[in-house]
Amino acid sequence: MRDVISVVGLGKLGLCLATCFAERGFDTVGVDINRDLVDSINAGVSPIVEPGLGEIISRLGGKELRATTNHDQTIEQTDVTFILVSTPSEPDGGFSNKYVEAALKSLGEALGRSEKSNHIFVVSSTVIPGSTDKSFIPLLEEYSGRKLNEGFNVCYNPDFVALGKVLSDFWNPDFVLVGQSEPSAGDRIASVYRRMCKNDPAIVRTSIINAEIIKVSLNAYITMKIGFANTVAQMCERTPGADADVVTGTLGMDKRISPSYFRGGLSYGGTCFPRDTAAFVRFCEQCGCNGELIEASEEVNRRHNRHLCEFVLEQISSVKDKTVSILGLAFKPQTPVVVESPAIELIDELLKNGADVTVYDRFAMDNVREIYGERLRYANSPEECISKSSVCVITTPADEFKQIDENCITSPIKLIDCWRILDPSRLGENVEYVPMGRGQEVEGCVGASVQ
Ligand SMILES: NC(=O)c1ccc[n+]([C@@H]2O[C@H](COP(=O)([O-])OP(=O)(O)OC[C@H]3O[C@@H](n4cnc5c(N)ncnc54)[C@H](O)[C@@H]3O)[C@@H](O)[C@H]2O)c1
């Protein structure tokens, strides 16, 4: 039997979640206030770039996954509604709940008009801890005319997914977190995940406030790891014979550390880490405790961006012309998102210094063109991008860039490899290879061997 479920907010995450449900056998109703987006989904065309998404929407859009602008359909046709609308950052580091509140108002009103006995609202947007108790539950009570756990339940169920692999992260989470207003609501959400997930994840059931704190704490913790790995990379870069990958790779073998998100490279960016660290600090302040640890991570991250710019400027100072190519524009591979991307700060700095910049990224070209217009040149392939420059910077560890070898390089070039993804022995004589995070080579100094 097909289970029926609804998702409100069909953006980068909500559309992926709705698609994951539909693909795993749920009849899914998706709601968004953006009519163009709704029409596109129903026509089988994904309005969002995310690996795997387009193919599923072309099969299920308008059928097993039906989009609408009408919030009432979630109440009429389903018993569980996930809310995944955006929560923009506020100047003080907190999140604005205005879109979640607007969605809950529409949903509460629809429930008020309905005669059904119960509905479960699952907030999945990232929020400042305390939002559900202080704002969302009172709002639902006001607009539905019902009381919590007497006609509706609320769960807080945040997502731990990364852009570029959202579908596979939804299907194969390390764990599922459900903050519940009542055990029966948590049971229902747990059963939904047992059916939707392809792995068999642990499902943590707890209070709503614990779940809210866990969500803002997780990303804040990961940024500390990233900052540490980047600090080790800078250390190694300045130390003859040292190699950041050997150092962090070995440290990561210790179970207390783990190798995940523990590789020196560029600063973190995107739509989550910078926002979530700021929110963690904000919540610390609200609680009257000290957020210095995470403020330090933020500062380390900003300085690491400066370090990239200085590193590249130093490298171009010794070449005759200032033609620079940048491979990778988004904050990570496989996504078009350029928000807080290290490549963007680098482009700004290069343009300020009079460089002639050519760029390439399989997913993010349109977003970069919107920012820079004619101030940059845009290449159609990594090879074309490289051919336009005397210095090339690889800013993301995209699989496509890992294929670069001497056949892609037709004239002498300095190649700055920020993530050490290339094997210099395959690059040929035209290339001066400059890895970040690795000190000057010392003869007889081996990388590492594990026995
Ligand atoms: N992007 C990430 O990597 C990521 C990861 C984990 C958590 N999150 C959190 O998930 C939430 C959603 O993020 P996103 O990146 O998908 O946002 P998004 O901006 O891509 O999408 C939000 C969607 O909600 C729709 N919307 C707004 N108000 C609505 C309403 N009243 N009713 C119906 N639809 C409405 C918008 O039209 C838009 O399509 C945020 O809280 C974010 O912090 C994001």
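Positions are given from 1, in the same order as the sequence printed here. First listed ligand is number 1; within each ligand, the first listed atom is number 1. Note that the structure is a prediction, hence the values are computed from the model and not measured.
Listed by number with element, the atoms of ligand 1 under 4.0 Å from a non-hydrogen atom of Val8 are 32 (N), 33 (C). Taking a cut-off of under 4.0 Å to the non-hydrogen atoms of Leu84, the atoms of ligand 1 that pass are 10 (O), 11 (C), 12 (C). Heavy-atom contacts of Asp159 reach the following atoms of ligand 1: 6 (C) (cutoff under 4.0 Å). Counting atoms of ligand 1 from 1 in the listed order, those under 4.0 Å from a heavy atom of Cys272 are 2 (C), 3 (O), 4 (C), 5 (C), 6 (C), 44 (C). Proximity to Arg275 (heavy-atom distance under 4.0 Å) selects the following atoms of ligand 1: 42 (C), 43 (O).
In the candidate list Gly30, Cys16, Ala102, Ser86, Ser86 is nearest to atom 17 (O) of ligand 1, counting heavy atoms. Looking at Ala103, Ser125, Gly11, it is Gly11 that brings a heavy atom closest to atom 21 (O) of ligand 1. For atom 37 (O) of ligand 1, the nearest non-hydrogen atom from the set Leu15, Asp32, Leu17, Ile48 belongs to Asp32. Summarising the contacts of atom 30 (C) of ligand 1 with Asn97, Ile33, Asn34, the nearest heavy atom is found in Ile33. Ranked by closest heavy atom to atom 9 (C) of ligand 1, the top entry among Leu218, Thr126, Val123 is Thr126. Across Thr87, Thr271, Leu13, Val85, heavy-atom proximity to atom 11 (C) of ligand 1 is greatest for Val85.
For Phe160 and Phe175, the ring centers sit closer than 6.0 Å to each other.
Atom 32 (N) of ligand 1 has as its closest protein heavy atom His71 NE2, 2.9 Å. For atom 18 (P) of ligand 1, the closest non-hydrogen atom on the protein side is Lys12 NZ, 3.7 Å.
Between Asp187 and Arg205 there is a salt bridge, with a side-chain nitrogen of the basic residue lying less than 4.0 Å from a carboxylate oxygen of the acidic one. Salt-bridge annotation for Glu55 and Arg59: present, with a side-chain N of the basic residue lying under 4.0 Å from a carboxylate O of the acidic one. Between Lys165 and Glu50, no side-chain nitrogen of the basic residue sits less than 4.0 Å from a carboxylate oxygen of the acidic one, so the salt-bridge criterion is not met.
In this structure, Arg275 fails the cation-pi test against Phe95, since its NZ or CZ atom is not both closer than 6.0 Å to the six-membered ring centre and inside 45 degrees of the ring normal.
Within the 4.0 Å heavy-atom criterion, the part of Lys215 lying near ligand 1 is the side chain and not the backbone.
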Stepwise, does the side-chain contact (heavy atoms from CB on, under 4.5 Å) test hold for Lys225 with Ser258?
CA-CA 10 Å; Lys225 268 188 99 172; Ser258 109; 3.1 Å; yes
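Checking side-chain atoms of Glu237 against main-chain N and O of Gly437 turns up a donor-acceptor pair under 3.5 Å.
The aromatic rings of Tyr261 and Phe273 stand perpendicular to each other, their planes meeting at an angle above 60°, with 30° marking the opposite boundary.
No more than 12 heavy-atom neighbours from other residues, nucleotides or ligands sit within 6.0 angstrom of NZ on Lys134.
Not a single heavy atom of Arg35 sits closer than 4.0 Å to an atom of ligand 1.
Contact record, Cys197 with Phe170: SG-O, 3.9 Å, taken as the closest heavy-atom pair.
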